[in-house]
Structure formats: structure tokens, C-alpha cells
There are 2 protein chains.
Amino acid sequence: MLFSDTGMTDHVMTIRQMCDAFDVTPRTLRFYEAKELLFPRREGQKRLFTRRDRARLKLILRGKRFGFSLEEIRQLLDLYYVGDQQATQLEATLDIARDRLREMERKRDELTAAVDDLRHQMKMVEDMLSSVDTVKDAAE
Amino acid sequence: MLFSDTGMTDHVMTIRQMCDAFDVTPRTLRFYEAKELLFPRREGQKRLFTRRDRARLKLILRGKRFGFSLEEIRQLLDLYYVGDQQATQLEATLDIARDRLREMERKRDELTAAVDDLRHQMKMVEDMLSSVDTVKDAAE
DNA sequence: AGTAACGATGACGTTTACGTAAAGAGAACG
DNA sequence: CGTTCTCTTTACGTAAACGTCATCGTTACT
């Protein structure tokens with residue numbers, strides 16, 4: 001069981017502790033649970049978030065910053081918590097993973113290019129400004 | 001006028017040509033115009049998209065892939081089409097640009113880390129699968 | 001026992017980014 | 001001249017991702 005939690009250090013957290021730790025609202029956490037992105041345990045009524053939930057939430061928030069939808073993120077999350085499944089299932093999972101990886105690499109490369117573009121553009125504006133300053137210096 | 005189109009090569013395009021070229025719907029282009037992301041000229045009723053519009057649309061679609069909102073993209077676009085403004089305005093513009101740049105760099109770095117993570121995760125699954133195959137080979 | 005405080009469960013509201021259908025203007029073709 | 005496109009505006013609809021009540025159930029003081 002390569003990826004299953006043995007739960008040695010399962011320090012659980014309440015919803016409020018989670019909100020403070022990750023800067024999200026309770027609504028968000030309940031929403032993620034409804035969408036099967038998180039699986040907090042229940043103690044009576046109350047939700048208890050495990051280490052696994054925290055790891056998943058971290059990936060969720062990261063994925064969101066990259067512009068992935070929650071549904072895409074859910075698929076990504078499944079890659080990280082495979083558990084003991086059939087090998088055929090795993091092969092399919094790997095295919096999805098390869099797709100996601102390609103997408104992320106493409107995104108990263110585009111982003112790198114965009115950063116360079118923006119840098120270049122800023123440099124032009126900066127040069128323009130400095131020349132204006134020179135003119136102003138000369139005029140004063 | 002460092003960034004203004006002189007319009008030498010202003011081959012204009014109809015909305016349909018734009019849609020085919022960029023794989024978007026007419027609705028999307030009109031929507032972007034309404035949100036002041038594009039400024040097609042008018043010939044009577046009809047919209048005519050210039051080289052400038054095409055450049056902007058390219059940046060819009062790129063920005064969307066990065067997970068920026070249209071409003072954020074609009075601010076970014078303004079950086080690329082400064083025109084002849086006051087230097088004080090440009091300084092403020094540069095500040096925004098620096099913020100955006102930092103955000104994009106942070107995103108790029110996170111994405112790079114995520115790509116590495118995913119690669120690592122996939123390798124583990126692949127190893128697991130190959131060991132399963134070995135067992136299967138031995139059993140057959 | 002009373003009353004905050006925290007958490008749960010609906011259920012309706014909101015924003016973003018368009019989709020989609022209705023109705024009309026204008027060129028083009030047979 | 002009628003019809004067929006392409007384009008227009010107007011307007012209502014929709015999916016995603018939550019926000020925002022309202023209501024109710026438990027602890028937890030005091």
C-alpha cells in the first residue's frame with residue numbers, strides 16, 4: 001500500500017483551525033467535501049480534518065492558482081492517493097497523469113515566455129521614463 | 001509614441017475570420033469588446049479587427065490559460081499599449097507591471113515544483129507497475 | 001437553567017465568462 | 001423580388017465556485 005495513510009501522526013483539526021491555517025472559509029471546505037475533494041471524518045456531527053485532508057487542500061489551492069478547475073484538480077488529487085487498485089486502473093491513471101504533466105509543462109513554458117515578454121516591455125517603459133527624466137533634468 | 005500602431009500593415013479581419021483564426025465564438029469577441037479588452041473599428045455596423053486586436057486577443061487567451069481573470073488581463077494589456085501618457089501615470093503603470101511580474105514568476109516557480117512533484121509521483125507508480133509486471137512474468 | 005459560541009444543514013444569492021435564442025439590418029445571389 | 005447569409009443588438013440562461021442568510025443542534029461556561 002504505497003500511498004495509503006497509516007495514520008501514525010493523525011493530528012486532526014476542526015473546521016475553524018483549517019480555515020485559519022489555510023485562509024479559507026468554512027463554506028469552502030464544506031463545498032470541497034461536497035465535491036469529493038476532501039473527506040473529513042465525522043465525530044458525531046462535526047468534521048475532523050486529517051493530515052491527508054491538509055495535504056489535499058494544499059494541492060487544491062495550488063491547482064487553483066494555476067487556473068485548474070476543481071474537477072481537473074479532483075482528477076489530479078486521485079493521482080496522489082492511489083491506494084491499492086488494479087494495475088489496469090493504474091495504467092489509465094498514468095495516462096491521465098501524463099496528460100496533466102504535459103499540460104503543466106506547456107503552461108510553465110508559456111509562462112516563462114510571458115515573463116520574459118513582460119520584462120522586455122517593462123524595460124522599454126523604464127528606458128522611456130529615464131529618458132524623460134534626463135530631459136526634465138536638463139530643463140531644470 | 002513608442003507603442004502606438006502606425007497602422008502600416010493593418011490588414012483587418014471580420015469577426016468570422018477572427019473566430020476561425022483563434023478558435024473562439026463571436027459572442028466571446030463581442031464580450032471582450034464590451035469589457036474593453038478589444039477595440040475593433042466599425043465599418044457601418046460591422047466590426048473590423050486590426051492587427052492590434054489580434055495581438056491583444058493572443059495575450060488575452062494566453063492570460064486565461066494562466067488562470068488570470070479578464071479584469072487582471074485588462075490591466076496587463078494596458079501595459080502593452082501604453083501610448084503617450086504622463087510620466088507619473090507610467091510610473092504607476094510600472095508598479096502594476098512589477099506586481100504582475102512577481103505574481104507570474106511565483107506562479108512559474110510553483111508550477112515548476114508541481115511538475116517535479118508529479119513526475120516523482122508518476123515514477124513511483126511506474127515502478128510499482130513494473131514490479132507488478134515482473135511478478136506477473138514470473139507467474140506465467 | 002440561560003445564553004453565548006461553534007458547527008451543521010439547507011436554500012437562495014452573486015460573480016465571472018460566456019451560451020443561446022429572438023429579431024432585425026444589409027449585402028449577394030438566382 | 002424573395003431568400004439566404006453574415007452580422008448586429010438585446011436579453012435571458014447557465015455552470016462554476018463560492019457568499020450569505022436562516023434555522024437548528026451541541027457543548028461550554030457562569
Side-chain angles (χ1 to χ4, degrees), chain A residues 10-50 53-54 56-78 100 103 107 110, chain B residues 10-50 53-54 56-78 100 103 107 110:
Chain A
D10 251 21
H11 168 56
V12 298
M13 290 172 70
T14 79
I15 201 168
R16 172 84 2 227
Q17 293 174 317
M18 288 290 283
C19 292
D20 293 348
F22 291 94
D23 192 36
V24 294
T25 70
R27 177 69 173 99
T28 299
L29 294 179
R30 297 193 191 108
F31 183 75
Y32 289 167
E33 182 185 3
K35 287 300 181 78
E36 308 201 88
L37 292 162
L38 298 177
F39 308 96
R41 290 166 14 203
R42 291 305 178 99
E43 181 151 310
Q45 254 313 46
K46 303 192 169 177
R47 291 170 173 81
L48 291 180
F49 295 85
T50 70
D53 291 312
R54 293 192 289 278
R56 293 177 71 97
L57 182 52
K58 214 182 275 185
L59 288 176
I60 293 169
L61 299 178
R62 177 192 273 179
K64 287 204 59 185
R65 284 194 296 278
F66 299 160
F68 289 112
S69 74
L70 289 185
E71 177 51 30
E72 290 172 316
I73 292 171
R74 204 183 52 71
Q75 295 182 24
L76 249 174
L77 279 174
D78 292 344
R100 287 271 164 275
E103 198 180 335
K107 236 173 202 173
E110 273 192 69
Chain B
D10 251 22
H11 168 56
V12 297
M13 288 171 70
T14 77
I15 200 168
R16 173 80 4 225
Q17 292 174 319
M18 288 289 285
C19 293
D20 293 347
F22 290 94
D23 192 36
V24 294
T25 70
R27 177 70 174 100
T28 300
L29 295 179
R30 298 191 191 108
F31 183 76
Y32 290 167
E33 181 184 5
K35 288 300 180 80
E36 308 200 271
L37 292 163
L38 298 177
F39 307 97
R41 291 169 11 205
R42 289 305 177 99
E43 183 152 309
Q45 260 304 49
K46 303 189 171 179
R47 292 170 173 80
L48 291 180
F49 295 85
T50 69
D53 291 311
R54 291 193 289 278
R56 294 177 70 95
L57 182 53
K58 213 182 274 185
L59 288 177
I60 293 170
L61 298 177
R62 178 193 274 179
K64 287 204 58 187
R65 283 195 296 277
F66 299 158
F68 289 112
S69 74
L70 289 186
E71 177 51 30
E72 291 172 315
I73 292 172
R74 205 182 53 70
Q75 296 181 25
L76 249 174
L77 279 175
D78 292 344
R100 287 272 165 274
E103 198 181 334
K107 232 172 208 178
E110 272 192 71

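In what follows, every chain begins at residue 1, and chains take the letters A, B, ... in the order their sequences are listed.
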Interatomic distance, Arg42(B) CZ vs dC7(D) P [rounded to whole Å]:
13 Å
CG (Leu38(A)) and CZ (Arg30(A)) are apart, to the nearest 0.5 Å, by 12.5 Å
Over the length of the helix from dA1(C)-dT30(D) to dG30(C)-dC1(D), how much do the five-pair end axes diverge, rounded to 10 degrees?
10°
Kindly determine whether Val12(B) and Phe49(B) satisfy side-chain contact (heavy atoms from CB on, under 4.5 Å), including the steps that lead there.
CA-CA 5 Å; Val12(B) 297; Phe49(B) 295 85; over 6 Å; no
Would you mind reading off the distance between Glu71(A) atom CD and dA16(D) atom C1', rounded to a whole angstrom?
11 Å
Nearest whole Å is fine: how far is dA17(D) C1' from Arg74(A) CZ?
16 Å
Review item, nucleotides 24-29 of chain D N/O atoms under 3.5 Å of protein N/O:
none

Walk me through whether Leu57(B) and Leu37(B) qualify under side-chain contact (heavy atoms from CB on, under 4.5 Å).
CA-CA 8 Å; Leu57(B) 182 53; Leu37(B) 292 163; over 6 Å; no
Residue pairs meeting side-chain hydrogen bond (donor to acceptor under 3.5 Å, both in side chains), one or both in residues 17-28 of chain A, sequence neighbours left out, come to Thr25(A)-Thr28(A)
Report the distance from atom OG1 of Thr50(B) to atom CZ of Arg56(B), rounding to the nearest 0.5 Å.
9.5 Å
Can you confirm whether more than 12 heavy atoms, excluding those of Glu72(B), are under 6.0 Å from its CD atom?
yes
Using whole Å, what does the distance between atom P of nucleotide dC18(D) and atom CG of Leu61(A) come to?
9 Å
To the nearest angstrom, how far is Leu38(A) atom CG from dC18(D) atom P?
11 Å
Euclidean distance, Asp78(A) CG relative to Ile73(A) CD1, rounded to 0.5 Å
12.0 Å
Contact span of DNA chain C against chain B, any nucleotide atom under 4.0 Å from a heavy atom, 5' to 3', runs dA17(C) to dT20(C)
What's the CG-C1' distance between Leu29(B) and dC7(D), to the nearest Å?
13 Å
Given side-chain contact (heavy atoms from CB on, under 4.5 Å), test Leu77(B) with Leu59(B) step by step and report yes or no.
CA-CA 7 Å; Leu77(B) 279 175; Leu59(B) 288 177; 3.8 Å; yes
Ion pair Glu103(B)/Arg100(B), N-O distance below 4.0 Å:
yes
By the 4.0 Å heavy-atom rule, please label Lys64(B) as base, sugar-phosphate, or nothing.
sugar-phosphate
Does Glu33(A) pair with Arg47(A) as a salt bridge, N-O distance under 4.0 Å?
yes
By a strict heavy-atom criterion of less than 4.0 Å, which residues belonging to residues 13-26 of chain B are in contact with DNA chain D?
Thr14(B), Ile15(B), Arg16(B)
Begin from the C-alpha positions of Leu29(A) and Asp53(A) and carry the test side-chain contact (heavy atoms from CB on, under 4.5 Å) through to its verdict.
CA-CA 10 Å; Leu29(A) 294 179; Asp53(A) 291 312; over 6 Å; no
What is the distance, rounded to the nearest whole Å, between atom CZ of Arg27(B) and atom C1' of dT10(D)?
10 Å
Rounded to the nearest 0.5 angstrom, the OG1-CG distance for Thr14(B) and Leu48(B) is 8.0 Å
Which residues pass the side chain to side chain contact (heavy atoms under 4.5 Å, CB included) test with Glu110(B), not counting sequence neighbours?
Arg62(A), Arg65(A), Phe66(A), Arg106(B)
